[in-house]
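Okay, structure first, notes after.
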Amino acid sequence: MTIRDIRKNTGLTQKEFAELYHISLPTLRRWEQDVNKAPVYLVELLKAVTHYGDDSPSVFEGEESKYYYDAVSGTVQNTCGDCIRITDSILDVKKENIGLYLDELFEDIELAKKKFSDSCEEDKRSDIIWQKP
């Protein structure tokens with residue numbers, strides 16, 4: 001398997017993959033065109049991080065990402081490496097739907113993270129001390 005195979009499996013463009021994993025785009029292109037070889041350790045790390053070749057029932061396809069569910073730890077990871085812990089088992093949910101639910105969940109989390117960041121930035125600019133009710 002090649003870096004190109006791994007990238008294609010994620011569904012990311014070369015630019016997206018390069019940005020996500022902090023690889024220069026020209027380097028990624030040289031690896032994919034077999035001009036240069038990616039280090040073996042890097043190929044193995046990318047395989048692990050992207051769950052390359054994992055076609056177990058715990059892999060779900062959304063419109064935005066693939067998701068990898070670990071029932072033991074109760075965690076779901078997307079192809080970008082974001083990971084969350086969920087309390088409900090999702091293995092009995094219709095596989096055709098779970099990817100869409102996970103797309104929505106990860107999108108909501110991103111919105112919450114942005115709201116938190118915006119609140120922190122606002123706090124830095126103001127003198128307000130919030131009190132618990």
Side-chain angles (χ1 to χ4, degrees):
M1 136 244 347
T2 65
I3 293 285
R4 179 184 169 97
D5 295 331
I6 295 168
R7 179 187 60 79
K8 290 279 204 180
N9 190 58
T10 66
L12 298 172
T13 65
Q14 285 183 333
K15 184 176 187 226
E16 293 166 336
F17 191 86
E19 287 174 359
L20 178 62
Y21 294 108
H22 305 282
I23 301 167
S24 78
L25 189 54
T27 298
L28 179 62
R29 287 185 175 145
R30 285 192 300 272
W31 289 341
E32 288 197 7
Q33 295 167 356
D34 280 334
V35 173
N36 294 39
K37 291 283 185 198
V40 174
Y41 74 88
L42 181 64
V43 174
E44 293 303 314
L45 283 171
L46 287 170
K47 274 176 40 182
V49 167
T50 63
H51 299 272
Y52 180 82
D54 185 353
D55 57 1
S56 71
S58 298
V59 178
F60 303 99
E61 293 271 351
E63 291 183 3
E64 303 296 321
S65 182
K66 277 187 181 178
Y67 300 97
Y68 307 92
Y69 177 59
D70 179 349
V72 174
S73 66
T75 58
V76 178
Q77 182 178 3
N78 64 12
T79 50
C80 295
D82 299 323
C83 187
I84 60 168
R85 186 172 184 282
I86 57 176
T87 56
D88 298 311
S89 172
I90 60 175
L91 293 178
D92 294 328
V93 177
K94 293 175 197 74
K95 190 169 183 169
E96 300 82 8
N97 294 336
I98 196 67
L100 298 174
Y101 301 153
L102 290 169
D103 281 342
E104 191 173 285
L105 177 61
F106 275 85
E107 183 179 308
D108 289 348
I109 289 169
E110 284 303 311
L111 290 172
K113 286 170 38 179
K114 181 173 180 354
K115 182 178 177 185
F116 177 80
S117 179
D118 291 347
S119 294
C120 288
E121 288 303 313
E122 178 63 27
D123 186 82
K124 292 173 188 176
R125 293 188 297 271
S126 72
D127 290 332
I128 296 172
I129 302 293
W130 299 102
Q131 301 292 322
K132 287 186 178 182

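Using modelled atom types, no side-chain atom of T79 and backbone atom of S65 make a donor-acceptor pair closer than 3.5 Å. Within the 3.5 Å criterion, the main-chain N or O of K113 finds no donor-acceptor partner in the side chain of S117. Although no hydrogens or angles enter the test, the distance criterion places a donor-acceptor pair under 3.5 Å between the side chain of T2 and the main chain of R4. Distance alone, capped at 3.5 Å, places no donor-acceptor pair between the N36 side chain and the R30 backbone.
By the criterion of side-chain heavy atoms lying less than 4.5 angstrom apart, applied directly or through intervening Ile, Leu, Val, Met, Phe, Trp or Tyr residues, V93 is grouped together with I84 in one hydrophobic cluster. Both L45 and I6 are part of a single hydrophobic cluster, where members link through side-chain heavy atoms under 4.5 Å apart. Using a 4.5 Å cut-off between side-chain heavy atoms of Ile, Leu, Val, Met, Phe, Trp and Tyr, with links allowed through other members, I98 and I109 fall into the same hydrophobic cluster. Hydrophobic clustering places V43 together with Y41 (ILVMFWY residues linked when any side-chain heavy atoms are closer than 4.5 Å, directly or through intermediates).
With L28 as the fixed residue, the side-chain contact (heavy atoms from CB on, under 4.5 Å) test singles out one of K15, E19, Q14: Q14.
Rounding to the nearest 0.5 Å places SG of C120 at 12.0 Å from NZ of K115. The distance from the CD atom of E16 to the CG atom of L25 is 11.0 Å, given to the nearest 0.5 Å. To the nearest 0.5 Å, the span separating CG on L100 from CD on E63 amounts to 5.5 Å. The CD1 atom of I3 sits 10.5 Å away from atom NZ of K37, with the distance rounded to the nearest 0.5 Å. Going from atom CD of E121 over to atom NZ of K124 covers 4.0 Å, rounded to the nearest 0.5 Å. Interatomic distance, NZ of K8 versus CD of E32, reported as 7.5 Å (0.5 Å rounding).
Here the shortest heavy-atom pairing between P39 and W31 reads CD-CZ2, 4.0 Å. Closest non-hydrogen pair, S24 versus A18, comes out as C-CB, 4.4 Å. Among all heavy-atom pairs drawn from C83 and T75, the shortest one is SG-CB, 3.7 Å. The two residues D82 and F106 come nearest to each other via the heavy atoms O-CE2, 3.7 Å. What you find for R85 and T87 is that their closest heavy atoms are NH1-CG2, 4.1 Å. In plain terms, the two heavy atoms of K66 and N9 that are nearest each other are NZ-OD1, 3.0 Å.
Sparse packing is recorded around CG of D92, with 12 or fewer heavy atoms of other residues, nucleotides or ligands lying under 6.0 Å away. Annotation for E122: atom CD counts as buried by contact number, over 12 foreign heavy atoms lying within 6.0 Å.
Cluster partners of I129 are absent, since no Ile, Leu, Val, Met, Phe, Trp or Tyr has side-chain heavy atoms less than 4.5 Å from it.
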Exercise for review: Could you go through the side chain to side chain contact (heavy atoms under 4.5 Å, CB included) check for F17 and L46 one step at a time?
Suggested key: CA-CA 11 Å; F17 191 86; L46 287 170; 4.1 Å; yes
Practice item. Verify side chain to side chain contact (heavy atoms under 4.5 Å, CB included) between K47 and M1, making sure each step is shown before the conclusion. Key: CA-CA 9 Å; K47 274 176 40 182; M1 136 244 347; 2.8 Å; yes
**Study point:** Test side chain to side chain contact (heavy atoms under 4.5 Å, CB included) applied to Y69 and L102, step by step
**Key:** CA-CA 10 Å; Y69 177 59; L102 290 169; over 6 Å; no
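F60 is listed as a side-chain neighbour of I90, based on a closest heavy-atom distance under 4.5 Å.
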